[in-house]
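For reference, the structure is listed below as structure tokens.
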Amino acid sequence: MKIGFLDSGIGGLTVMAEAIRRLPAQDYLFMADNLHVPYGTKSKEEVRAYILEAVETMVGEGMDALVVACNTATSIAVAELRTKYSFPIVGMEPAVKPAVEMNRKTGKRVLVFATPLTLQQPKYYALVSRVDDEGIVDSLPLPELVGYCEDLQFDKSIMSDYFYSKLADYDLDRYGMVVLGCTHYPFYKGLLREILPPHIQIIDGNVGTVKRLMALLSRVGMVGGVRSGSVRFMCTGNDSAYIEKIRTAFELISESNVLNEEIMN
Ligand code: DGL
């Protein structure tokens, strides 16, 4: 069976790498909409059209299940995709619920990093108002971070300066948890671990998403097995330099220890 992963760019690799680790026997198709990255600073209407087009291309390649490996794309289009296609579709949302639950006893606040578009959507407001009964969640849009990631900008001093400037107005002693609400952001998890005070835990939605995928697939007996499947990378720009970038980023994230941290979501 072939599982498709869609993102605007390389961010979805952080989710797919986790899926491959847990579902090694499947075939994978990764689609990056590099023609239109970043989504998070564009309008909802634009992004919706891009997603529908990219998924149509993936459907043309054959796909048995789809993971919308992008919080922004999920908040814009997952409901519409589910009405349009009959294969299983797994979406993503910032891991606010587990963060609030894990933080409840500490009395500390939760800080959610995500794209501006994700944070503006009714889906996000609904999520926060459903789970944040004590009003402990704050949201911080990081409009530049996907661009840095797409440029493979992992220079420690440049990226530390960026995060310090974004966090300058926050008293981090008051926070117990940072939620990475965009699939690009786990590329910076190691750096954030160094920058943030040690009492702050960092959580993303990747493990939770892959567990939902596994639950869906286990119904059709697809879970388990040894690594035997293939991985194919595609991009909407159809450009070999970008495919090379995907490969580089995939190696980086597959080797990184962020995947080995079992987080409770
Ligand atoms: N990776 C996407 C997400 O999870 C966002 C990327 C973008 O802004 O293009 O939200």
Side-chain angles (χ1 to χ4, degrees), residues 4-19 30-55 58 66-79 81 89-96 99 111-125 127-128 139-154 162 166 178-189 192 202-210 212-213 233-237 242 245-246 249-250 252-253 258 265:
F5 280 72
L6 171 68
D7 185 36
S8 57
I10 59 174
L13 294 169
T14 65
V15 193
M16 191 173 79
E18 185 67 53
F30 184 82
M31 169 67 97
D33 188 6
N34 70 314
L35 278 183
H36 305 118
V37 68
Y39 283 169
T41 49
K42 296 194 170 71
S43 76
K44 183 178 173 165
E45 292 69 30
E46 278 175 289
V47 170
R48 173 186 167 270
Y50 299 150
I51 297 162
L52 294 181
E53 200 182 328
V55 173
M58 295 174 82
L66 170 67
V67 178
V68 183
C70 173
N71 294 261
T72 313
T74 299
S75 58
I76 303 293
V78 79
L81 291 172
I89 299 179
V90 179
M92 302 204 61
E93 65 182 12
V96 180
L111 186 56
V112 181
F113 294 171
T115 69
L117 197 55
T118 296
L119 298 176
Q120 286 156 16
Q121 294 314 302
K123 199 170 189 295
Y124 181 71
Y125 292 125
L127 169 68
V128 173
S139 308
L140 176 61
L142 296 175
E144 304 84 4
L145 191 52
V146 167
Y148 279 129
C149 187
E150 288 290 316
D151 290 344
L152 303 180
Q153 177 54 271
F154 299 122
Y162 173 73
K166 291 289 171 181
V178 160
V179 176
L180 304 182
C182 167
T183 56
H184 282 75
Y185 299 174
F187 279 100
Y188 297 100
K189 204 161 171 181
L192 283 167
I202 304 169
I203 186 173
D204 64 50
N206 291 0
V207 173
T209 302
V210 173
R212 273 198 305 283
L213 174 68
F233 299 120
M234 291 177 73
C235 63
T236 51
Y242 196 85
K245 182 189 288 196
I246 298 178
F250 186 60
L252 266 176
I253 203 72
V258 300
N265 65 340

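Residue numbers count from 1 along this sequence. We count ligands from 1, going down the list as the structure has it; atoms in each ligand are counted the same way.
Each of the atoms 3 (C), 4 (O), 10 (O) of ligand 1 lies under 4.0 Å from some heavy atom of N71. Proximity to T72 (heavy-atom distance under 4.0 Å) selects the following atoms of ligand 1: 3 (C), 5 (C), 10 (O). Ligand 1 places these atoms under 4.0 Å from at least one heavy atom of G40: 7 (C), 8 (O), 9 (O). For ligand 1 and C182, the ligand atoms under 4.0 Å from any heavy atom of the residue are 1 (N), 2 (C), 3 (C), 4 (O), 5 (C), 10 (O). Applying the 4.0 Å criterion to heavy atoms of H184 picks out, from ligand 1, the atoms 1 (N), 2 (C), 6 (C).
Although no hydrogens or angles enter the test, the distance criterion places no donor-acceptor pair under 3.5 Å between the side chain of R212 and the main chain of V207. Side-chain atoms of D204 come within 3.5 Å of backbone atoms of N206 as a donor-acceptor pair (strictly under, hydrogens ignored). Judged by distance alone, with hydrogens and angles left aside, the side-chain atoms of K245 form a donor-acceptor pair with the main-chain N or O of E150 at under 3.5 Å.
In this structure, atom 2 (C) of ligand 1 lies nearest to the protein heavy atom C70 SG, 3.1 Å. Protein heavy atom at the shortest distance from atom 7 (C) of ligand 1 is Y39 N, 3.2 Å.
At a 4.0 Å heavy-atom cut-off, ligand 1 touches S8 through the side chain alone. Contacts between D7 and ligand 1, counted as non-hydrogen atom pairs separated by less than 4.0 Å, involve the side chain only. For T115, every heavy-atom contact with ligand 1 shorter than 4.0 Å involves the side chain, none the backbone. At a 4.0 Å heavy-atom cut-off, ligand 1 touches T183 through backbone and side chain alike.
No option in T115, D33, T72 other than D33 meets the side-chain hydrogen bond (donor to acceptor under 3.5 Å, both in side chains) test with Y39. When each of F154, Y162, F187, Y185 is checked for a ring-ring contact (aromatic ring centres under 6.0 Å, His included) with Y148, only Y162 meets the rule.
More than 12 heavy atoms of other residues, nucleotides or ligands lie within 6.0 Å of CD in E46, so this atom counts as buried by the packing criterion.
At least one side-chain heavy atom of V78 sits less than 4.5 Å from a side-chain heavy atom of K123.
With ring centers used as reference points, F233 lies 6.0 Å or more from Y242.
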